[in-house]
Amino acid sequence: MRIATWNINSVRLRLDLLLKLIDEQAPDVVCLQETKVVDKDFPLAALAARGFVHAHVHGMKSYNGVAILSRRPLAACTVQHWCGKEDCRHVIATLPGGIELHSVYIPSGGDIPDPEQNPKFAHKLRFVDEMTEWLASHRSPDRAMVLVGDLNIAPLVNDVWNHKELLDVVSHTPIEVEKLGAMQSSIRWVDAVRHFVPETEKLYTWWSYRARDWDSSDRGRRLDHVWVTPPLTSALTGYKVLREARGWEPKPSDHVPVLVDIAE
DNA sequence: ATGGTAGCGTAGCTA
């Protein structure tokens with residue numbers, strides 16, 4: 001089973017690129033973040049025509065929005081709310097075989113890496129804390145689960161283009177890395193992409209729109225992740241970070257799709 | 001140190 005995750009930055013604007021991803025990579029399941037559309041306007045018909053007849057979408061006007069799109073049936077579709085908000089950042093569904101799949105969009109956190117000065121950063125930290133506590137108390141490492149999405153944190157030295165320079169930049173600060181580590185430890189999540197790519201190797205999934213030339217400057221960060229619980233680790237058979245998608249015409253997302261293959 | 005671009009929706013917020 002091939003699972004893709006992509007922060008698409010508007011599913012309506014980039015529907016053609018989503019169909020391109022589906023046609024070229026043949027995923028069985030696609031998880032999206034930043035769909036930026038209310039549920040009634042989600043372009044489900046075009047996806048159904050490609051065989052993605054099962055969908056769990058949860059969006060709002062203009063901002064955020066997450067989705068799970070699937071060729072296979074989805075069961076137990078639910079929504080999680082964090083920090084007392086209903087801002088469409090987390091959906092859950094169960095795939096055939098009983099694998100519980102999470103599509104998550106952690107808040108970006110604004111610019112100032114200080115929760116006292118910046119409420120967005122405080123929100124981000126609390127969001128991760130709440131998810132960690134929920135996972136620890138409601139889920140077990142024995143259960144087959146996959147968590148994917150834009151976690152908006154690049155935890156490893158080689159998940160960013162310059163570790164020292166980004167230590168005080170939101171997405172790579174020690175407090176965020178520590179909290180994401182606690183979430184990962186909560187039920188022994190395995191980083192499915194670093195399972196294949198050594199930590200010594202640079203790897204990014206996001207390049208800013210503001211760079212003059214994203215490709216040659218290559219100032220990226222690995223913000224998008226795929227995690228699996230221990231029962232699925234030995235079933236991991238491959239991965240792909242679709243760097244080429246950062247150059248897709250006419251208008252690329254600033255994030256690229258990440259794909260993982262899980263043997264059934 | 002600063003400002004650079006993008007999407008939504010049509011001003012200003014979010015990233």
Side-chain angles (χ1 to χ4, degrees), chain A residues 5-21 31-43 57-67 81-90 103-115 117-128 148-155 159-162 164-173 175-176 180 204-225 242-258:
Chain A
T5 181
W6 191 20
N7 179 324
I8 194 170
N9 189 16
S10 173
V11 69
R12 286 178 293 177
L13 188 69
R14 272 179 265 282
L15 177 60
D16 288 348
L17 297 184
L18 175 57
L19 298 178
K20 177 186 175 79
L21 170 68
C31 296
L32 299 176
Q33 302 84 37
E34 283 209 84
T35 55
K36 295 188 174 180
V37 65
V38 295
D39 296 349
K40 70 175 176 62
D41 294 330
F42 200 103
V57 302
H58 181 53
M60 59 190 280
K61 187 179 171 182
S62 302
Y63 303 114
N64 311 329
V66 285
H81 298 303
W82 305 110
C83 305
K85 296 173 184 282
E86 298 192 7
D87 52 357
C88 305
R89 294 179 181 274
H90 189 172
S103 179
V104 180
Y105 177 46
I106 291 179
S108 174
D111 289 330
I112 304 167
D114 176 358
Q117 291 183 58
N118 174 9
K120 291 181 192 171
F121 194 66
H123 177 216
K124 182 179 197 175
L125 299 180
R126 194 163 64 250
F127 190 103
V128 176
V148 308
D150 177 4
L151 306 187
N152 264 315
I153 299 171
D159 289 342
V160 294
W161 65 278
N162 186 320
K164 283 186 180 172
E165 204 161 314
L166 290 179
L167 278 171
D168 59 352
V169 174
V170 172
S171 72
H172 193 62
T173 64
I175 182 75
E176 291 169 88
L180 192 71
Y204 315 134
T205 65
W206 172 90
W207 293 260
S208 172
Y209 281 127
R210 297 174 186 176
R212 286 187 187 88
D213 184 338
W214 72 272
D215 196 16
S216 63
S217 61
D218 201 21
R219 296 185 167 193
R221 305 177 202 170
R222 189 171 72 108
L223 304 178
D224 303 273
H225 299 270
L242 212 61
R243 182 183 169 110
E244 68 204 56
R246 186 60 182 80
W248 276 352
E249 299 288 347
K251 286 169 169 284
S253 170
D254 47 353
H255 295 253
V256 300
V258 179

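Model, not experiment: these values are computed from the prediction. Protein chains get the first letters and strands the later ones, always in sequence-line order, with residue 1 at the start of each.
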What distance, rounded to whole Å, do you find between the two [atom1] atoms, one in [N] and one in [M]?
N      : M      : atom1 : result
B:dG3  : B:dC8  : C1'   : 22 Å
B:dT5  : B:dG9  : P     : 22 Å
B:dA1  : B:dG7  : C1'   : 27 Å
B:dT10 : B:dT14 : C1'   : 16 Å

Figure out the [atom1]/[atom2] separation between [X] and [N], and round it to whole Å.
X        : N      : atom1 : atom2 : result
A:Arg212 : B:dT5  : CZ    : P     : 9 Å
A:Tyr209 : B:dT14 : OH    : C1'   : 13 Å
A:Lys85  : B:dT14 : NZ    : C1'   : 13 Å
A:Trp214 : B:dA6  : CH2   : P     : 14 Å
A:Asp41  : B:dC8  : CG    : P     : 12 Å
A:Glu34  : B:dT14 : CD    : P     : 12 Å
A:Asn9   : B:dC13 : CG    : C1'   : 14 Å
A:Arg219 : B:dT5  : CZ    : P     : 16 Å

*asked:* So, using salt bridge (Lys or Arg N to Asp or Glu O under 4.0 Å) as the criterion, who are the partners of A:Asp224 when residues are at least two apart?
replied: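 Result, salt bridge (Lys or Arg N to Asp or Glu O under 4.0 Å) vs A:Asp224: none returned.
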
_Test of understanding: with salt bridge (Lys or Arg N to Asp or Glu O under 4.0 Å), list the residues that count as partners of A:Arg12, not counting sequence neighbours._
none

_Which residues pass the side-chain contact (heavy atoms from CB on, under 4.5 Å) test with A:Ser62, not counting sequence neighbours?_
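A:Ser62: no side-chain contact (heavy atoms from CB on, under 4.5 Å) contacts found.
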
*Could you list the residues that satisfy side-chain contact (heavy atoms from CB on, under 4.5 Å) with A:Asp168, not counting sequence neighbours?*
none

*Which residue lies more 5' along DNA chain B, comparing A:Ala211 with A:Asn152 via nearest heavy atoms*: A:Ala211

*Would you kindly compare A:Pro252 and A:Asn7 by the position of their nearest DNA chain B nucleotide and give the one closer to the 5′ end?*
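Residue closer to the 5' terminus by nearest nucleotide: A:Pro252.
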
*Report yes if the side chains of A:His123 and A:Lys85 come closer than 4.5 Å at any heavy-atom pair, otherwise no.*
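A:His123 reaches A:Lys85 side chain to side chain.
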
*With a 4.5 Å limit on heavy-atom distance, are the side chains of A:Asp87 and A:Met60 in contact?*
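In contact.
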
*Ignoring hydrogens and angles, tell me if any N or O in the side chain of A:Arg14 forms a donor-acceptor pair with the backbone of A:Asn9 under 3.5 Å.*
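Indeed, once roles are kept as given, a pair shorter than 3.5 Å links the two residues.
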
Reckon [X] has a side-chain N or O less than 4.0 Å from the OP1 or OP2 of [N]?
X        : N      : result
A:Lys251 : B:dA6  : no
A:Arg210 : B:dA15 : no
A:Arg89  : B:dA15 : yes

*Measuring from A:Phe127:CZ to A:Arg89:CZ, what's the distance to the nearest 0.5 Å?*
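A:Phe127 CZ to A:Arg89 CZ: 6.0 Å, rounded to 0.5 Å.
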
Which atom pairs link the protein and nucleotides 9-12 of chain B when you take only N or O atoms and keep those under 3.5 Å?
unit_1, atom_1, unit_2, atom_2, d
B:dG9, OP1, A:Ser62, OG, 3.1

*Side-chain H-bond candidate by donor/acceptor type, A:Ser171 with A:Glu176, under 3.5 Å*: no

*Relative to A:Trp161, does A:Arg219 satisfy both conditions: NZ or CZ under 6.0 angstrom from the six-membered ring centre, and within 45 degrees of the ring's axis?*
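Checked: cation-pi criterion met.
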
_Selection: residues 103-113 of chain A, any non-hydrogen atom under 4.0 Å of DNA chain B_ =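 Output list: A:Tyr105, A:Ser108.
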
